[in-house]
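Have a look at the structure below, then the notes.
Model, not experiment: these values are computed from the prediction. Keep in mind that the numbers below use all heavy atoms, side chains included, and drop hydrogens, waters and symmetry copies.
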Amino acid sequence: MKNLKILAVTGIDTDIGKTIVTGVMARFFLDRNIRVITQKIVQTGCFGISEDIESHRQIMGIDIVPEDRDSTTCPYVFPVACSPHLAARLEGQEIDCGVIRQATQRLLDTFDLVLLEGAGGLSVPLTADYTTLDYLEEQQYPIVLVSSSRLGSINHTLNALELAKRRNMSVAGIVYNRFEETDPRISLESKEVFRHYLVKYGYKDCVIDFPVLDKKNDNGRLVDFSDLLL
């Protein structure tokens with residue numbers, strides 16, 4: 001890669017599979033000799049090194065890196081599992097997005113690609129009056145939106161796309177995470193709806209099917225994320 005790049009991985013909801021998708025994406029690019037690293041905007045519900053960062057490294061098949069140990073890959077970790085703004089307040093702190101931005105820039109000094117995983121969905125508050133959406137809009141990072149086939153996903157996905165469009169943000173694509181088995185007719189229709197609205201809002205038609213992971217067959221390696229960088 002000649003140009004440095006940042007992709008922000010966000011989701012239509014919490015527990016939608018952002019961490020697994022981010023880790024598999026990183027492994028995909030790592031296997032293609034791209035110097036890739038993952039970063040987490042903020043982690044709640046744990047101590048020390050971000051548990052999502054640890055999951056990324058396990059999926060990537062690498063050890064914890066120095067940038068994990070010095071908190072560059074996740075500057076803010078809070079023990080209470082709740083919204084980042086509240087988790088910070090309970091610790092007598094306030095999230096400074098300048099710290100997150102500077103950490104990302106330090107990572108770009110070493111790596112070609114930074115996959116920046118958010119916390120929850122786009123409208124999650126980082127401070128009392130500043131959301132993840134506000135931050136990603138300000139930084140103008142392309143978004144990779146993780147969606148799913150479960151009931152309600154069409155509504156949440158289209159809401160996220162409209163938010164991005166209204167903020168003049170770039171959407172690199174949607175990762176359609178089939179971690180729950182649903183009616184095949186619903187799955188097929190959902191993907192077609194997502195493609196239609198990507199085109200409607202002027203985005204690239206890029207819906208990547210993310211299969212239910214089978215630990216024996218390791219199906220995650222079959223997913224091709226190349227289009228997200230085009």
Side-chain angles (χ1 to χ4, degrees), residues 5-22 25 38-46 50-53 55-56 71-108 114-148 150 152-175 177 194 197-198 201-203 228:
K5 187 142 182 120
I6 302 166
L7 288 176
V9 183
T10 187
I12 63 169
D13 202 353
T14 190
D15 294 329
I16 202 70
K18 294 188 305 298
T19 298
I20 300 298
V21 169
T22 301
M25 283 176 60
T38 63
Q39 184 183 2
K40 181 82 176 175
I41 288 180
V42 56
Q43 176 84 65
T44 66
C46 73
S50 158
E51 60 185 18
D52 287 353
I53 291 292
S55 293
H56 296 162
S71 299
T72 303
T73 54
C74 189
Y76 291 105
V77 178
F78 302 111
V80 181
C82 59
S83 174
H85 79 294
L86 177 57
R89 186 193 308 159
L90 292 173
E91 294 300 302
Q93 299 184 48
E94 182 170 318
I95 294 172
D96 180 353
C97 288
V99 172
I100 299 169
R101 182 179 62 254
Q102 290 166 11
T104 303
Q105 291 304 312
R106 287 198 301 274
L107 292 173
L108 287 176
V114 176
L115 303 179
L116 178 64
E117 182 189 344
L122 282 171
S123 296
V124 167
L126 299 177
T127 68
D129 60 358
Y130 192 80
T131 65
T132 299
L133 179 67
D134 294 326
Y135 180 69
L136 297 180
E137 176 193 18
E138 187 176 88
Q139 302 307 312
Q140 285 297 295
Y141 296 151
I143 294 171
V144 176
L145 182 65
V146 181
S147 184
S148 79
R150 70 190 185 195
S153 293
I154 289 180
N155 174 71
H156 298 325
T157 302
L158 300 192
N159 284 347
L161 290 177
E162 183 169 353
L163 276 174
K165 179 64 176 177
R166 287 178 178 271
R167 299 290 189 102
N168 294 314
M169 298 166 68
S170 173
V171 176
I174 293 173
V175 176
N177 187 13
F194 298 160
Y197 273 85
L198 281 169
Y201 288 136
Y203 299 125
L228 295 175

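Heavy atoms only, all atoms of each residue included: Pro75 and Val99 are closest at CB-CG1, 3.8 Å. The heavy-atom pair separating Cys82 from Thr44 by the smallest distance is O-OG1, 3.2 Å. In this structure, Ala160 and Leu145 approach most closely via the heavy-atom pair CB-CD2, 3.8 Å. Leu228 and Lys5 make their closest contact through O-CE, 4.4 Å (heavy atoms, listed as atom of the first residue, atom of the second, distance). Listed here is the closest heavy atom pair of Gly98 and Asp96: N-OD1, 2.9 Å. Minimum interatomic distance between Ser123 and Leu163 (heavy atoms only, all atoms of both residues): OG-CD1, 3.9 Å.
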Leu90 vs Phe78, side chain to side chain contact (heavy atoms under 4.5 Å, CB included): CA-CA, chis, key distance, verdict: CA-CA 9 Å; Leu90 292 173; Phe78 302 111; over 6 Å; no
Test log, rule side chain to side chain contact (heavy atoms under 4.5 Å, CB included), inputs Ile100 and Ile95: CA-CA 9 Å; Ile100 299 169; Ile95 294 172; 4.0 Å; yes
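Screening Leu7, Thr104, Thr10 for a side chain to side chain contact (heavy atoms under 4.5 Å, CB included) involving Tyr141 leaves a single residue, Thr104. The one candidate from Asp52, Thr19, Thr73 that meets the side chain to side chain donor-acceptor pair (under 3.5 Å) condition with Lys40 is Asp52.
For the pair Leu86 and Val80, the minimum side-chain heavy-atom distance is 4.5 Å or more.
Applying the side-chain contact (heavy atoms from CB on, under 4.5 Å) test to Arg150 and every residue at least two apart in sequence or in another chain returns Asp13, Ile16, Ser148, Ser153, Phe179, Glu180. Partners of Gln102 under the side-chain hydrogen bond (donor to acceptor under 3.5 Å, both in side chains) rule, at least two apart in sequence or in another chain, do not exist in this structure. The side-chain contact (heavy atoms from CB on, under 4.5 Å) search around Thr22 returns Val9, Thr38, His56, Leu115, Glu117, not counting sequence neighbours. Annotation: side-chain hydrogen bond (donor to acceptor under 3.5 Å, both in side chains) contacts of Tyr130 (sequence neighbours excluded): Glu138. Here Ile154 pairs with Leu158, Ser190, Val193, Phe194 under the side-chain contact (heavy atoms from CB on, under 4.5 Å) rule; sequence neighbours left out. Residues passing the side-chain hydrogen bond (donor to acceptor under 3.5 Å, both in side chains) test with Glu162 are Arg166, sequence neighbours excluded. The side-chain contact (heavy atoms from CB on, under 4.5 Å) test applied to Val124 returns Ser83, Pro84, Thr132, not counting sequence neighbours. Residues forming a side-chain hydrogen bond (donor to acceptor under 3.5 Å, both in side chains) with Thr72 (at least two apart in sequence, or on another chain): Asp70.
Among residue pairs with one or both ends in residues 78-94, none qualify as salt bridge (charged side-chain N to carboxylate O under 4.0 Å, His left out); sequence neighbours excluded. The salt bridge (charged side-chain N to carboxylate O under 4.0 Å, His left out) contacts involving residues 126-135 comprise Asp134-Arg167, where partners must be two or more places apart or lie in separate chains.
Annotation: the span from Leu161 atom CG to His156 atom NE2 amounts to 13.5 Å, rounded to 0.5 Å. Taking OG1 from Thr131 and CD from Glu137, the interatomic distance works out to 8.5 Å, rounded to the nearest 0.5 Å. Between the OH atom in Tyr203 and the CD1 atom in Ile143 there is a gap of 7.0 Å [rounded to 0.5 Å]. Note that OG of Ser71 and CD of Gln43 are 12.0 Å apart. Values are rounded to the nearest 0.5 Å. Between atom CD1 of residue Ile20 and atom CE of residue Met25 there is a gap of 13.5 Å, rounded to the nearest 0.5 Å. Between Leu122 atom CG and Met169 atom CE the span is 6.5 Å, to the nearest 0.5 Å.
A donor-acceptor pair under 3.5 Å links the side-chain atoms of Lys165 to the main chain of Tyr201, judged by distance alone.
Atom CG of Asn155 sits in a crowded spot, with more than 12 heavy atoms from other residues, nucleotides or ligands closer than 6.0 Å.
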